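Values in this document were obtained by computation on a predicted structure and should not be read as measured data.
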Amino acid sequence: MRRCFYWLLALLMLSACAAPAGENAPVPPFQEIPAPPEPPPEEDSPAGGTEDHVLLTLDAPLADGRTLTLEAVGKQVDEYQTGVREVRVYNGNELIQTVRTREAIESFWGDSDGGIVSEYTTCWTPEGSMTALDLNFDGNTDFGLFGWPANNTIPYYYWIWDREAEQYRYAFVLQEAEANPETMELTAEYKSGSAGSQWIVEFYKPDENGELYLVRVERDTCDFEPDSGQLDYDRGWAEETWVPPEGRELISPGDGHWSIESDLILTRRKVPILETHGGTAAHFTEIWERIGGEFQMTSREEFFYEEQP
C-alpha cells in the first residue's frame, strides 16, 4: 500500500513538470517604455541680455545685383540702453567682413575720453541701433550706427561701401543723414546756438570717390536783431543760406572743423519783420542778398494776415 502511494505521488509530480510553460501562468500587466525626454528648446538671448547677440539684421543691396546681410551684434550696456560692438557683413552664408564699432568711436572722439575707448555704441532700442541707406548715390547700400543719445537729432557713425576693396570703410559722423536721390544731395540737420536758437540743415554732394563736399548750409535763426523793427516770431525765424567761399572745398565732417560765421559766406536772408508805431503794428518780409560782394536788402513787402472766416 505504501508502494502504491509513492508511485502515485511520483506520477503527479512528473505530469506537473511536463505541462507547457506559461499555459496557466498569470500575464504581467503591459508597461509602456517612456520615450527619452526631448532637450529643451534653445532660447535666443533676450534683448536685454548681457551677452553679445544679434540685435538687428538688415539687407544691403549692391549695384552689381548682390544683396549683403548686415548683422548688428551687441548687448544691453546699462539699464536703459543697448550697444553695438560690431557689424557682421555676409554675402550669402559667407562672412566677408567684421566692422568694429571701436574704429568709429576712436576716430571721432580721439583722446577726449581719457584714452579709454568704448567698444559699444549706445542706443535706446535694438530696433534703432542700425540704419541702411545709399549715402553717395552709387547704387550700393551704406549703413550707419546710432552713436549716442543726444538732446538733438541723433548722431550716427556711417560706413560707405568701397567697390574696389569689396569692404565697408568708416566715413564720418552726421546727425541723422537723409539721402535725396532727386537732387543727389545728402542732408543732416540739428539745433544749435544759445538755448537752441538756431536750426541747421547741411547739404552735401559726393564726388566719384564717395567723399562728401559741403554745398550749402540753411539756417533758421532768432539769434540776431534785424536792422529795422524786430523779428516777427509769430511768422517764424529768419531763414539764411550760407555757402563755402569760391575755390574752397569743405569735406565735412572729415576735415571738418569749420563754423558757419567764420568759414562760410552769407548769401541770402529772409526776415519776418514786426514794426510798431503808436500802438499799431505793421508786418513786413525783407529779403537780403549778396550782390557784387555786398550784402543788401533787395525786397521789402508788407505782409497781411488772411482774415479768418
Residue pairs meeting ring pair (Phe, Tyr, Trp, His ring centres under 6.0 Å), one or both in residues 121-143, sequence neighbours left out, come to W124-F146, F143-W159, F143-Y168
Between [X] and [Y] (salt bridge meaning N to carboxylate O under 4.0 Å), is one present in this structure?
X: R169; Y: E103; result: no
X: R268; Y: E218; result: no
X: R219; Y: E202; result: no

The remaining residues in the hydrophobic cluster of F304, counting side-chain heavy-atom contacts under 4.5 Å among Ile, Leu, Val, Met, Phe, Trp and Tyr, are none
Quick one, Q76 and H53 - any side-chain contact, counting heavy atoms below 4.5 Å?
no
> Would you call Y80 and D78 a side-chain contact if the rule is heavy atoms closer than 4.5 Å?
Replying inline: yes
Are R102 and Y120 in a cation-pi contact, defined as NZ or CZ under 6.0 Å from the six-membered ring centre and within 45° of the axis? no
Heavy-atom closest pair (I273 atom, G229 atom, distance to 0.1 Å) is CG2-CA, 4.2 Å
Between F295 and R269 the two heavy atoms that sit nearest each other are CZ-CB, 3.9 Å
(Q) Please check this pair: side chain of D134 against backbone of D138, looking for a donor-acceptor N/O pair closer than 3.5 Å. (A) yes
Those residues at least two apart in sequence (or on a different chain) that pass salt bridge (charged side-chain N to carboxylate O under 4.0 Å, His left out) with E275 are R300
